[in-house]
Amino acid sequence: MHRPLPAGTQAPGRAVDLVIRNAKLLLESGLVRGGVAVSGDRICLIATDEHLPSANTVIDAHQKVLMPGLIDGHAHLHDPARLDHEDFTTGSRAAAAGGVTTVVDMPLTSPVLSPQAVEEKAKQGESMSIVDFGLYAGMMSADSVAVIPSLIEKGVAAFKAFTCAPYFANDGVITRLLSEVSEHGGHLTVHCENQGVLDEFKKDLEGEWDAPVSHSLARPNLAEQLAVHQTVGIAQQTGGHLHIAHVSTREAVKEIERGRAAGITITSEVCPHHLVFYRDEMNRLGPKSKMNPPLRSKEDRAALWAALLRGSIEMAVSDHAPSPAEEKDSGKEDIREAWSGVDGIQMILRILLSEGVNKGRLSFSRLLDVTCRNPARIFGLYPKKGVLQVGSDADMVIVDPTREETMKTDMMFSKCGWTLYEGMAMKGAPVMTFVRGVQVFNEDRTTIKPGYGRFQKMGDAGKVVED
Ligand SMILES: [Zn+2]
């Protein structure tokens with residue numbers, strides 16, 4: 001794979017550090033043939049092969065697709081809260097193996113809620129991660145409204161709140177949080193499920209908790225629809241950037257579209273599991289298929305693909321939140337006992353290639369939008385990240401859109417030791433991943449020691465630049 005350019009093709013002048021040639025480059029203007037030159041940690045030239053300089057390392061992409069590394073805008077690396085689930089090293093290895101070069105870590109417990117906590121977590125991540133990362137602050141409450149400006153100062157400009165247990169924030173608190181974000185910048189991400197609906201619907205499932213599908217039936221579409229509607233209504237009053245986490249229903253898509261049409265700044269995201277699986281498969285898949293919001297109907301799944309394609313949903317994110325197998329198996333008799341959350345960080349790109357691009361549901365340029373450009377803009381990292389452009393960080397992934405593979409647990413880098421995607425036949429996979437010009441993943445192994453990843457401060461987060 002690594003070989004010098006043939007004599008006669010080397011441009012005069014100093015050799016650069018890295019050249020990737022003979023690629024199909026996924027640029028903002030579309031797919032074009034050529035290559036990329038890297039000096040230090042940045043892209044210094046994008047050109048047709050004959051105009052690329054000589055380099056210390058030359059990689060022939062064999063006409064595979066070279067695209068920016070993905071930014072996973074929602075992943076729970078569980079570090080240090082649940083080290084038996086995942087940590088910065090294992091989670092970032094799974095990221096690299098999925099073509100993800102920047103992870104935005106989302107806390108579930110031990111949230112970063114002070115400048116000092118940001119510094120400590122950033123330090124911890126930099127000592128363990130192999131890819132770059134940003135940090136979410138959460139779980140936001142009435143007590144944490146006041147810390148928003150000081151966290152933005154520290155480069156943490158994404159805040160998470162819930163409309164449901166176990167981190168319930170009432171409408172008044174959501175209003176205060178959005179007002180603060182409106183004034184100081186950044187964005188508020190809301191997990192939208194109406195607690196009242198959840199409380200009532202679970203009563204109908206008595207005696208049926210041995211069936212995994214009961215988890216989904218107890219959390220109906222209505223719960224998401226109402227919570228999105230309510231939160232969008234709040235944003236209409238406060239202004240500020242509202243982001244809806246893991247949209248899973250067709251009703252939520254409509255509420256978001258209605259709000260946006262009314263001029264409210266709303267962005268949203270979708271997860272690979274909601275794009276692949278559906279409710280009626282839950283009894284077959286077992287407790288591993290439990291997550292919140294839950295798997296929905298086939299009609300919802302189709303609506304999510306359509307929304308992703310037409311731009312109503314801006315980002316694909318993993319919501320990676322695996323657990324040890326025992327915490328899933330504990331739900332075999334009673335699904336309420338199982339951990340909520342699945343693996344996904346290694347699967348986003350594969351799912352979008354296999355089920356999206358290769359099945360005609362997504363174009364390459366839309367793939368670039370939802371995995372790179374939009375998350376970079378939403379988290380204030382654009383154009384440092386999320387684009388192949390001169391001056392940008394050389395975060396890149398070589399993708400083979402035709403590679404066929406069957407997913408198996410031993411291919412996965414997560415600490416959890418299982419995958420919801422076990423046995424799935426996939427077409428399209430990342431084959432090499434680079435972070436700031438350094439290769440971190442090659443074919444089936446990571447190629448760098450923990451401690452390479454760097455904390456990324458969110459700059460002008462919340463400003464979604466329109467073309
Ligand atoms: Zn999550």
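When a ligand or atom number is given, it counts from 1 through the structure's own listing order.
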J.: So which N/O/S atom does Asp319 have closest to the Zn ion (ligand 1)?
T.: OD1
J.: From the Zn ion (ligand 1) out to just under 2.8 Å, does an N/O/S atom of His191 turn up?
T.: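 Looking at His191, which is the residue asked about, there is no N, O or S atom under 2.8 Å from the Zn ion (ligand 1).
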J.: For N/O/S atoms only: which one belongs to His76 and is nearest the Zn ion (ligand 1)?
T.: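 Answer by atom name: NE2.
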J.: Looking at Phe277 and Tyr421, what are the two nearest heavy atoms and their distance?
T.: CE1-CE2, 3.5 Å
J.: Hey, what do you get for CE (Met426) to CD1 (Ile351), rounding to the nearest 0.5 Å?
T.: 3.5 Å
J.: With a 3.5 Å cut-off and no angle check, do the side chains of Glu314 and Thr267 form a donor-acceptor pair?
T.: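 There is no such pair between these side chains.
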J.: So how far is it from Arg176 CZ to Ser144 OG, rounded to the nearest 0.5 Å?
T.: 12.5 Å
